[in-house]
Undergrad: 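My questions all concern the structure below.
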Amino acid sequence: MTREDRHPQGKRRLGISFEFFPPKSEEMEGQLWTTIEELAGWNPDFVSVTYGAGGSTKAPTLTTVRRLIAETSLPTAAHITCVGATREEVRHVAEEFIAAGVRRFVALRGDPQGGVGAAYAPHPGGFANAAELVAGLKEIGDFDISVSAYPEKHPESPDVPADIDMLKRKADNGAARALTQFFFDNDVFERYLEWVRAAGVTIPVVPGIMLIQNLTQLKRFASLCGASIPAFLDERFAGLDDQPQARAEVAADVAAEQIEDLVRRGITDFHIYTMNRAPLVSAVLERLGLGRDGEARSGAAA
Ligand code: FAD
């Protein structure tokens, strides 16, 4: 970890961003907008809206992003993937986002069309990976581009150096920051960050924070993503299967403790996977003692 990671510009500040996914039903849409209204009060640095697996949900992502831009003042990033599409098709999607007012992207290769874990084959006329996609977006305009990073390496990556090499290519092509896959072992993240800096990658690497709504479900998902679930989480959630309120309290404690520990290690920005639900996110931010206005937040967790 470099001095810049510990003391960015000599001051302490906690930055947050929220990730949402586009709703799949009217009910989920109502849930999402209630969540956005509640979480907007935390003044995030930006919010982002995911893009469906296999590029399947352009329309819902576009609809959600359009509404965020039209009805809120939240800086909004559209996730965009290049899986299963030609370069022209991806550019066309990007141009639709841009026409909607998007100036921030989260640029991803995307999961294989057969689903997470299936073999990935780049489209013959497409961008081969996220590094090429970043370069393609930068050719269109000088957008703020976030990319992914994998503290426990991407499951398809042969080893950590190959993974960090891909991150370096994305940074060299113009990515402004990396948002990480979720992780629960901060030592793993700190070691990863040291390797990233040693490889000459200087962009901020922002921890992705997953809030544990359901540990059993998360374990299934995590095994597909190559993220590990430390044993201490089993202990923390033991015996709470039938106690949703107690589970939520533990989930908020766990995430707040993880963030507090990362802050002690000099990390200042966090990307929160909201799962389109506000109460747990707000419970975590309240535990951190954050104010709902940016000024109060600037002094928090110092
Ligand atoms: P890349 O950065 O291109 O590559 C990922 C890793 O795979 C690299 O580190 C590299 O080591 C390895 N790799 C790539 N190509 C090769 C190759 N040819 N040979 C060997 N190794 C290779 N998915 C969605 O579909 N929609 C989303 O909205 C979305 N949002 C995400 C947000 C975040 C913050 C994160 C962390 C992931 C998100 N994903 C999303 C998941 C992502 O699309 C998958 O993890 C996908 O499998 C890889 O995409 P990437 O951009 O990380 O790929």
Side-chain angles (χ1 to χ4, degrees), residues 17-22 46-58 60-62 64-65 76-85 90 93-94 97 102 104-124 126-137 145-183 189 192 195-196 199 201 203-210 221-227 269-276:
S17 49
F18 296 133
E19 183 171 307
F20 303 112
F21 59 84
F46 69 93
V47 299
S48 76
V49 182
T50 62
Y51 195 90
S56 56
T57 66
K58 176 188 88 174
T61 305
L62 190 56
T64 305
V65 162
T76 300
H79 291 218
I80 185 167
T81 68
C82 55
V83 57
V90 174
V93 172
F97 282 129
V102 169
R104 293 170 173 263
F105 287 100
V106 181
L108 304 141
R109 186 196 73 180
D111 283 318
Q113 286 175 297
V116 181
Y120 182 84
H123 191 289
F127 297 107
N129 51 49
E132 289 190 6
L133 175 60
V134 171
L137 290 170
I145 300 180
S146 301
V147 292
S148 63
Y150 298 89
E152 298 181 81
K153 100 174 181 58
H154 186 276
E156 287 170 52
S157 202
D159 50 36
V160 173
D163 214 50
I164 292 177
D165 183 55
M166 180 64 79
L167 179 62
K168 182 161 173 25
R169 287 162 62 188
K170 293 189 280 196
D172 289 347
N173 286 353
R177 75 189 64 71
L179 310 173
T180 78
Q181 181 63 277
F182 63 86
F183 60 92
F189 174 79
Y192 171 76
W195 289 334
V196 164
V201 180
I203 58 171
V205 179
V206 180
I209 303 294
M210 178 64 87
F221 181 55
S223 70
L224 294 171
C225 303
D269 293 274
F270 298 90
H271 184 67
I272 301 183
Y273 296 106
T274 69
M275 308 308 281
N276 291 6

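Just follow the structure's listing: the first ligand is 1, and inside any ligand the first atom is 1. Values below: all heavy atoms of this structure, side chains included; hydrogens, waters and symmetry mates excluded.
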Undergrad: For atom 47 (O) of ligand 1, tell me which residue out of H154, H79, E19 has the closest non-hydrogen atom.
TA: H154
Undergrad: Measure across E152 and F182 and return the closest heavy-atom pair with its distance rounded to 0.1 Å.
TA: OE2-O, 4.4 Å
Undergrad: Record the part of T81 in heavy-atom contact with ligand 1 below 4.0 Å; permitted values are side chain, backbone, both and neither.
TA: side chain
Undergrad: Is there a heavy atom in D111 that sits closer than 4.0 Å to ligand 1?
TA: yes
Undergrad: Counting only heavy atoms, which portion of Y150 has something under 4.0 Å from ligand 1: side chain, backbone, both, or neither?
TA: side chain
Undergrad: Please report whether ligand 1 has a polar contact with V106, defined as an N or O pair separated by less than 3.5 Å (distance criterion only).
TA: no
Undergrad: Would you please determine whether K170 falls within less than 4.0 Å of ligand 1 on a heavy-atom basis?
TA: yes
Undergrad: Counting from 1, what ligand 1 atoms have a heavy atom of A162 closer than 4.0 Å?
TA: 11 (O)
Undergrad: Heavy atoms only, cut-off 4.0 Å: how does M166 contact ligand 1, side chain, backbone, both, or neither?
TA: side chain
Undergrad: For ligand 1, which atoms have a heavy atom of T50 less than 4.0 angstrom away?
TA: 28 (O)
Undergrad: Go through ligand 1 atom by atom and flag the ones less than 4.0 Å from a non-hydrogen atom of L179.
TA: 34 (C), 36 (C)
Undergrad: Where does Y273 meet ligand 1, judged by heavy-atom distances below 4.0 Å: at the side chain, the backbone, both, or neither?
TA: side chain
